[in-house]
Amino acid sequence: MTETEIIDNLLQLLFSGHNTTRSVISSIMKYLGDLPEVYEQVLKEQLEISRGKGTGELLQWEDAQKMKYSWNVASEVMRLSPPVNTNFKEAIRDFNYAGYTIPKGWKLRWATCSTHMDPEYFPNPEAFDASRFEGEGPTAYSYVPFGRGPRMCLGIELARLEIPVFMHHIVERFKWDLVNPDEKFKYDPLLEPVKGLPVRLHPRHV
């Protein structure tokens, strides 16, 4: 590869593997700060995992697989506040959609909210409900924070490890209050808190 290609790939890895996770974690902090009952359920699950560990024993892959409720919470956060709200594709052949002919080669833009907030797939879509992801979960192709199909983001498995492990450590150590409970989030280009989401941490004493 040329130096330009190497730089481009490194920047893509940083953007995809770090920035999106940072965005999701910020949103999780916001939702857990707003929803104490959800925080308590996440804490309950994580304390149960900790009780099965020896003193000083680190988390293992098997522990992360037990964090089902925590991942459901993260999934619902990504449904309501996806880190990336749009993406672009190219039509590989002519096709018809909703009465329109889309020619081969046209650039197409899709938005996550088009299905994430559709009551046909997610009843009462503005409400936070982690149980949507129990069992078989949402209808195929309706939940797309990682995209879908053959070009689905490869980072999904890394996210499934990073995010619940972060949740494990933060809820075990702290409760928190949001300094600005009504703080807004914006896309620039990823979802981020306008004022940086300052919080007041309160150490938990077990």
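Because only heavy atoms are used, hydrogens play no part in the values below, and waters and symmetry mates are left out as well, while side chains stay in. Residue numbers run from 1 in the order of the sequence given.
- Of all non-hydrogen atoms in Met152 and Gly147, the two that sit nearest each other are CG-O, 3.9 Å.
- Connection of Tyr39 to Leu201 is established within a shared hydrophobic cluster, with ILVMFWY side chains joined at heavy-atom distances below 4.5 Å, either directly or through further cluster members.
- The shortest distance between side-chain heavy atoms of Phe122 and Ser142 falls below 4.5 Å.
- The hydrophobic cluster containing Ile49 also includes Leu59, Trp61, Met67, Leu161, Val165, under a criterion of side-chain heavy atoms closer than 4.5 Å among ILVMFWY residues, counted directly or through chains of members.
- Enclosure of atom NZ in Lys68 is not indicated, since only 12 or fewer non-hydrogen atoms of other residues, nucleotides or ligands lie within 6.0 angstrom.
- Taking a cutoff of 4.0 Å between a charged side-chain nitrogen and a carboxylate oxygen, Arg132 and Glu76 qualify as a salt bridge.
- One hydrophobic cluster, built from ILVMFWY side chains closer than 4.5 Å, holds both Tyr187 and Phe146.
- A continuous path of Ile, Leu, Val, Met, Phe, Trp and Tyr side chains, each step under 4.5 Å between heavy atoms, connects Tyr97 with Trp106, placing both in one hydrophobic cluster.
- Taking every heavy atom of both residues into account, Phe185 and Ser27 meet most closely at CE2-OG, 3.8 Å.
- Here the side chains of Gln41 and Val73 are not in contact, with every heavy-atom distance at 4.5 Å or above.
- Here Glu40 pairs with Lys175 in a salt bridge; the nearest charged N to carboxylate O distance falls below 4.0 Å.
- Leu158 and Met78 fall into different hydrophobic clusters, where Ile, Leu, Val, Met, Phe, Trp and Tyr side chains are chained together by heavy-atom contacts under 4.5 Å.
- Within 6.0 Å of CD on Glu3 lie no more than 12 heavy atoms contributed by other residues, nucleotides or ligands.
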Verdict with reasoning, Glu57 to Asp63, per side-chain contact (heavy atoms from CB on, under 4.5 Å): CA-CA 11 Å; Glu57 186 180 354; Asp63 298 313; 5.9 Å; no

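- Contact detail for Thr112 and Val84: the closest heavy-atom pair is CG2-O, 3.6 Å.
- The CG atom of Asn19 sits 12.5 Å away from the CG atom of Leu191 when rounded to the nearest 0.5 Å.
- Between Met167 and Ser70, the closest heavy-atom pair is CE-O, 3.5 Å.
- In terms of modelled atom types and a separation under 3.5 Å, the side chain of Lys30 and the main chain of Pro181 share a donor-acceptor contact.
- The CD1 atom of Ile163 sits 5.5 Å away from atom CD1 of Ile28, with the distance rounded to the nearest 0.5 Å.
- Looking only at distances, a side-chain donor or acceptor of Thr86 sits under 3.5 Å from a matching main-chain atom of Trp110.
- Atom CZ of Arg93 sits in a sparse spot, with 12 or fewer heavy atoms from other residues, nucleotides or ligands closer than 6.0 Å.
- Side chain of Asn9 to main chain of Ile6: no donor-acceptor pair is present (N/O by atom type, distance under 3.5 Å, no hydrogens or angles).
- Taking CZ from Phe88 and NZ from Lys107, the interatomic distance works out to 11.0 Å, rounded to the nearest 0.5 Å.
- Rounding to the nearest 0.5 Å gives a distance of 9.0 Å between CD of Glu90 and NZ of Lys104.
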Stepwise ring-ring contact (aromatic ring centres under 6.0 Å, His included) test for Phe133 and Trp71: CA-CA 9 Å; Phe133 295 88; Trp71 181 246; 8.9 Å; no

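- Across all their heavy atoms, Pro82 and Arg79 have their closest contact at CD-O, 3.6 Å.
- Trp176 CH2 to Arg200 CZ: the interatomic distance, rounded to the nearest 0.5 Å, is 15.0 Å.
- Counted by atom type alone, Arg22 and His18 present zero donor-acceptor pairs between their side chains at under 3.5 Å.
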Full working for side-chain contact (heavy atoms from CB on, under 4.5 Å) between Val179 and Lys195: CA-CA 10 Å; Val179 173; Lys195 297 180 180 179; over 6 Å; no

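- Annotation: Glu126, atom CD; neighbour count of heavy atoms from other residues, nucleotides and ligands within 6.0 Å does not exceed 12.
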Residues Val24, Glu162; criterion side-chain contact (heavy atoms from CB on, under 4.5 Å); working and verdict: CA-CA 11 Å; Val24 174; Glu162 284 184 308; over 6 Å; no

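- Under 3.5 Å, the side chains of Ser81 and Tyr31 contain a donor-acceptor pair of N or O atoms.
- No donor-acceptor distance shorter than 3.5 angstrom exists from the side chain of Asn72 to the backbone of Ser131, with no hydrogens or angles considered.
- Interatomic distance, Asp34 CG to Leu178 CG, rounded to the nearest 0.5 Å: 5.0 Å.
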Trace of the ring-ring contact (aromatic ring centres under 6.0 Å, His included) decision for His116 with Tyr143: CA-CA 6 Å; His116 283 198; Tyr143 176 69; 5.3 Å; yes

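- Two residues are said to be in side-chain contact when any heavy atoms from C-beta on lie closer than 4.5 Å; Lys186 and Glu192 meet this criterion.
- What you find for Gln46 and Val171 is that their closest heavy atoms are CG-CG2, 3.9 Å.
- Taking 4.5 Å as the limit, some side-chain heavy atom of Phe128 sits within range of a side-chain heavy atom of Leu80.
- Residues Phe174 and Val42 share a hydrophobic cluster, clusters being chains of Ile/Leu/Val/Met/Phe/Trp/Tyr side chains in contact below 4.5 Å.
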Stepwise side-chain contact (heavy atoms from CB on, under 4.5 Å) test for Lys66 and Glu45: CA-CA 8 Å; Lys66 297 174 185 175; Glu45 178 178 73; over 6 Å; no

